[in-house]
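Written out below as structure tokens is the structure these notes cover.
The analysis underlying the following values was restricted to heavy atoms, covering all of them including side chains, and did not include hydrogens, waters or symmetry mates. Chain letters run A, B, ... following the sequence lines, proteins first, then strands; residues in each count from 1.
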Amino acid sequence: MNFKIPRGTQDILPESSAMWKYVERKAHDLCRRYNYKEIRTPMFEQTELFQRGVGDTTDIVQKEMYTFQDRGGRSLTLRPEGTASTVRSYVENKMFGWADQPVKLYYIGPMFRYERPQSGRMRQFVQFGVEAMGSDDPAIDAEVIALAMSFYQELGLKGLKLVINSLGDKESRNNHRNALIEHFKPRISEFCGDCQGRLEKNPLRILDCKKDKDHELMASAPSILEYLNEESKQYFENVQSYLSSMNIPFEVDPGLVRGLDYYNNTAFEIMIDGEGFGAITTLTGGGRYNGLVEEIGGPQTPGIGFALSLERLLMALETQGVSLPVESSIDAYLITMGDDAKKKAPGLLHKLRSEGIAVDTDYMGKKMKAQFKAADRQRASFTLILGDEEIAQDTIVLKDLNSGEQEQLTLDKAILKIIESKRGEE
RNA sequence: GCGGUCAUGGCGAAGUUGGUUAACGCACCGGAUUGUGAUUCCGGCAUGCAUGGGUUCGAGUCCCAUUGAUCGCCCCA
């Protein structure tokens, strides 16, 4: 029996896990600076949470959820995104009553969607997301956007494009929605089947249909921006002026629509120009969701957040040839010769390691020459050589692999030298 | 759910109109160098070409099916 990894999943092997760790650290570090606190929620939830929180009409709920029954007959679903869980926890733990408002949270973890895998789209993928709940100050919208942009920029990504839009508040949305229906209804038969279905359910989605994008009614369709009421318009302008004051360039795209139902006012996406990027250009999606907490059973509470995929980030870094400062090397490699030395190795290694030295040795019965090669491959700074001569004199040979110089000295002195050299590097 | 492409050693990859010993490179192991990592040279490393059927005197090469990977559509992160 040969076992294979499930479709749409991947093993992250040591050569890339170092990069994962690096970008995760970057996210943690950034959130610390912005004062967002980490939240860890379960990887599965009651199915109904996602139906309510993500929206029954969305593709995610309709065809992409990993849903199963547990032994108690409860319907559970592997989380397809992080916001619903975060909001559930917010409500369940009564965070609306916490002293510090807004409540600023972030998460990093795997999400699951049952889809055909392709470039930048996996069945299990890792999202880094941020949620700020309790404030509807446009400054916090700008803060959340700035956090996402900084994340990419500090990692060295180029060619980013921030696209923003306003979906308006409830009133603006409704007016716009009616205008759209009026606009498309007379000639809806000229559109694809999907769009015909969208007309009543969610006419906004017609606007980002790829099949019908050249239809003349698309260009002339009423823009949400024309339907923003005074309050929403002011809000959007404030967000823009905050972004400008942070020198974050952006583009307003009235066609930017969110796939998830709970968004209102601010919506944004961070995209990347992409050779080698295929169909995927969206790195981050985010926006404001003032109705969601209530939908999940909490008090009326505004919120805003984003989610971004670490897979796509790493893909972007790779296509741009950005090399992360990840290094896997050890301080020393112990080379033993002869049975006596071999017997002393474990005790010696233990001592070195307890001194904080990263050290390894041979367990394959290799000859000395092969042990040197292994030391090289592991990019060890030093080799420690232990043979009969050294044992007889109660010493060890310390060789600097960069300079090639070596000397015979006591173990304690060798340890001091290695530690000294480590300090020099830092 | 629907399309395109692909599937040869640890990895990258040759493999011509089907023809008998499946190139080559990298990595790895050993030797030249019996206590020192470069280079060089020599040697080793696929009873098998995703799986199962079929055509044929003969199949990695042709046909069918299955599985998987990958890219795209839909949609999104």
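A donor-acceptor pair shorter than 3.5 Å cannot be found between the side chains of A/Ser232 and A/Tyr227. Between the side chains of A/Tyr235 and A/Asp136, not a single donor N or O lies within less than 3.5 Å of an accepting N or O. A donor-acceptor contact closer than 3.5 angstrom links the side chains of A/Glu131 and A/Thr83. A donor atom on one side chain and an acceptor atom on the other are not found under 3.5 Å apart for A/Thr9 and A/Gln124. There is no side-chain donor-acceptor pair under 3.5 Å between A/Asn175 and A/Ser172. Looking only at atom types and distance, the side chain of A/Asn290 has a donor-acceptor partner in the side chain of A/Arg288 under 3.5 Å away.
Annotation: B/rG60 and B/rU20 have their C1' atoms spaced 14 Å apart (nearest Å). On the C1' atoms, B/rG12 is 14 Å away from B/rA23, given to the nearest whole Å. The C1' atoms of B/rA59 and B/rC2 are separated by 33 Å, rounded to the nearest whole Å. Rounded to whole Å, the P atom of B/rC49 lies 30 Å from the corresponding atom of B/rG30. The P atoms of B/rG54 and B/rG15 are separated by 29 Å, rounded to the nearest whole Å. Taking atom C1' in both B/rU67 and B/rU55, one finds a spacing of 23 Å when rounded to whole Å. B/rA14 and B/rG9: their C1' atoms are spaced 14 Å apart (whole Å). The same atom, C1', is picked in B/rU66 and in B/rU21; the two are 33 Å apart, to the nearest Å.
Because its NZ or CZ atom is both nearer than 6.0 Å to the ring centre of A/Tyr114 and within 45° of the ring axis, A/Arg123 counts as a cation-pi partner of that residue.
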Return the polar atom pairs (N/O with N/O) between nucleotides 31-36 of chain B and the protein under 3.5 Å, or none.
{"from": "B/rG31", "atom 1": "OP1", "to": "A/Lys367", "atom 2": "NZ", "distance (Å)": "2.7"}
{"from": "B/rG35", "atom 1": "O6", "to": "A/Glu389", "atom 2": "N", "distance (Å)": "3.2"}
{"from": "B/rG35", "atom 1": "N1", "to": "A/Glu390", "atom 2": "OE1", "distance (Å)": "3.2"}
{"from": "B/rG35", "atom 1": "N1", "to": "A/Glu390", "atom 2": "OE2", "distance (Å)": "3.1"}
{"from": "B/rG35", "atom 1": "N2", "to": "A/Glu390", "atom 2": "OE2", "distance (Å)": "2.8"}
{"from": "B/rU36", "atom 1": "O2", "to": "A/Lys399", "atom 2": "NZ", "distance (Å)": "3.0"}
{"from": "B/rU36", "atom 1": "N3", "to": "A/Gln406", "atom 2": "OE1", "distance (Å)": "2.8"}
{"from": "B/rU36", "atom 1": "N3", "to": "A/Gln406", "atom 2": "NE2", "distance (Å)": "3.4"}
{"from": "B/rU36", "atom 1": "O4", "to": "A/Gln406", "atom 2": "NE2", "distance (Å)": "2.5"}

Atom pairs under 3.5 Å: protein N/O with N/O of nucleotides 49-51 of chain B:
none

Indicate every side-chain donor-acceptor pair of residues 376-384 of chain A with a distance under 3.5 Å to a residue at least two apart or in another chain.
{"from": "A/Arg379", "atom 1": "NH2", "to": "A/Ser328", "atom 2": "O", "distance (Å)": "3.4"}
{"from": "A/Arg379", "atom 1": "NH2", "to": "A/Ser328", "atom 2": "OG", "distance (Å)": "3.2"}

Please set out all donor-acceptor pairs under 3.5 angstrom arising from side-chain atoms of residues 332-343 of chain A, sequence neighbours excluded.
{"from": "A/Tyr333", "atom 1": "OH", "to": "A/Asp362", "atom 2": "N", "distance (Å)": "3.3"}
{"from": "A/Lys342", "atom 1": "NZ", "to": "A/Asp362", "atom 2": "O", "distance (Å)": "3.2"}

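Distance A/Arg377 CZ to B/rC26 C1': 14 Å, rounded to the nearest Å. Look at CG on A/Leu398: it is 15 Å from C1' on B/rG37, rounded to the nearest Å. The distance from atom CD of A/Gln62 to atom P of B/rC76 is 12 Å, rounded to the nearest whole Å. Look at CZ on A/Arg7: it is 14 Å from P on B/rU66, rounded to the nearest Å. Note: NZ (A/Lys373) to C1' (B/rG37) measures 9 Å, nearest angstrom. In this structure, A/Phe382 atom CZ and B/rG37 atom P are separated by 19 Å, rounded to whole Å. To the nearest angstrom, C1' of B/rU70 lies 15 Å from NZ of A/Lys4. The CD atom of A/Glu15 sits 16 Å away from the P atom of B/rA27 (whole-angstrom rounding).
Side-chain atoms of A/Asn93 come within 3.5 Å of backbone atoms of A/Ser89 as a donor-acceptor pair (strictly under, hydrogens ignored). Judged purely by atom type and a 3.5 angstrom limit, A/Arg312 has no side-chain atom pairing as donor or acceptor with the backbone of A/Arg121. A distance-only check finds no donor-acceptor pair linking the side chain of A/Glu269 to the backbone of A/Gly285 [under 3.5 Å].
Of the listed nucleotides (B/rG68, B/rA38, B/rG72), B/rG72 has the atom at the smallest distance from the side chain of A/Gln118.
One finds a salt bridge joining A/Lys26 and A/Glu154 here, because a Lys/Arg side-chain nitrogen approaches an Asp/Glu carboxylate oxygen to under 4.0 Å.
Under the side chain to side chain contact (heavy atoms under 4.5 Å, CB included) criterion, A/Met246 pairs with A/Ala142, A/Ala146, A/Leu243, A/Ile248, sequence neighbours left out. Scored by the side chain to side chain donor-acceptor pair (under 3.5 Å) test, A/Glu45 finds A/Ser85, A/Arg88 as partners (sequence neighbours excluded). A/Glu407 meets the side chain to side chain donor-acceptor pair (under 3.5 Å) test with A/Lys417; sequence neighbours excluded. Residues satisfying the side chain to side chain donor-acceptor pair (under 3.5 Å) test with A/Gln320, not counting sequence neighbours, are none.
For B/rA77, its base sits under 3.5 Å from the side chain of A/Glu115 at one donor and acceptor pair at least. Put simply, the side chain of A/Arg312 and the base of B/rC76 share a donor and an acceptor less than 3.5 Å apart. Applying the 3.5 Å distance criterion, the base of B/rA77 shares no donor-acceptor pair with the side chain of A/Arg121.
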Problem set entry | Base-contact (B) and sugar-phosphate-only (S) positions in nucleotides 2-8 of chain B, heavy-atom cut-off under 4.0 Å, - elsewhere | BB-----

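Heavy atoms of A/Met111 sit nowhere under 4.0 angstrom from any nucleic acid atom. Using a 4.0 Å heavy-atom criterion, one finds that A/Gly404 contacts the bases of the nucleic acid, with or without backbone contacts as well. At the heavy-atom level, A/Ala307 lies under 4.0 Å from the strands shown only through sugar-phosphate atoms. Using a 4.0 Å heavy-atom criterion, one finds that A/Leu308 contacts no nucleic acid atom at all.
For the pairing with A/Glu390, the side chain to side chain contact (heavy atoms under 4.5 Å, CB included) check across A/Asp394, A/Asp388, A/Leu386 returns one residue only, A/Leu386.
Every pair passing salt bridge (Lys or Arg N to Asp or Glu O under 4.0 Å) that includes a residue from residues 246-257 of chain A is listed here, sequence neighbours excluded: A/Lys161-A/Glu251.
A sub-4.0 Å separation between OP1 or OP2 of B/rA77 and a side-chain N or O of A/Thr282 is absent.
RNA chain B is contacted by no residue of residues 31-39 of chain A, taking any non-hydrogen atom closer than 4.0 Å.
Between A/Lys63 and A/Phe125, the residue whose closest nucleotide on RNA chain B is further toward the 5' end is A/Lys63. Of the two residues near RNA chain B, A/Pro6 and A/Tyr114, the one whose nearest nucleotide lies more 5' is A/Tyr114.
With a cut-off of 3.5 Å on both pairing distances, the Watson-Crick and G-U wobble pairs of RNA chain B assemble into stems of 3 or more at B:1-7 with B:67-73, B:10-12 with B:24-26, B:28-32 with B:40-44, B:50-54 with B:62-66.
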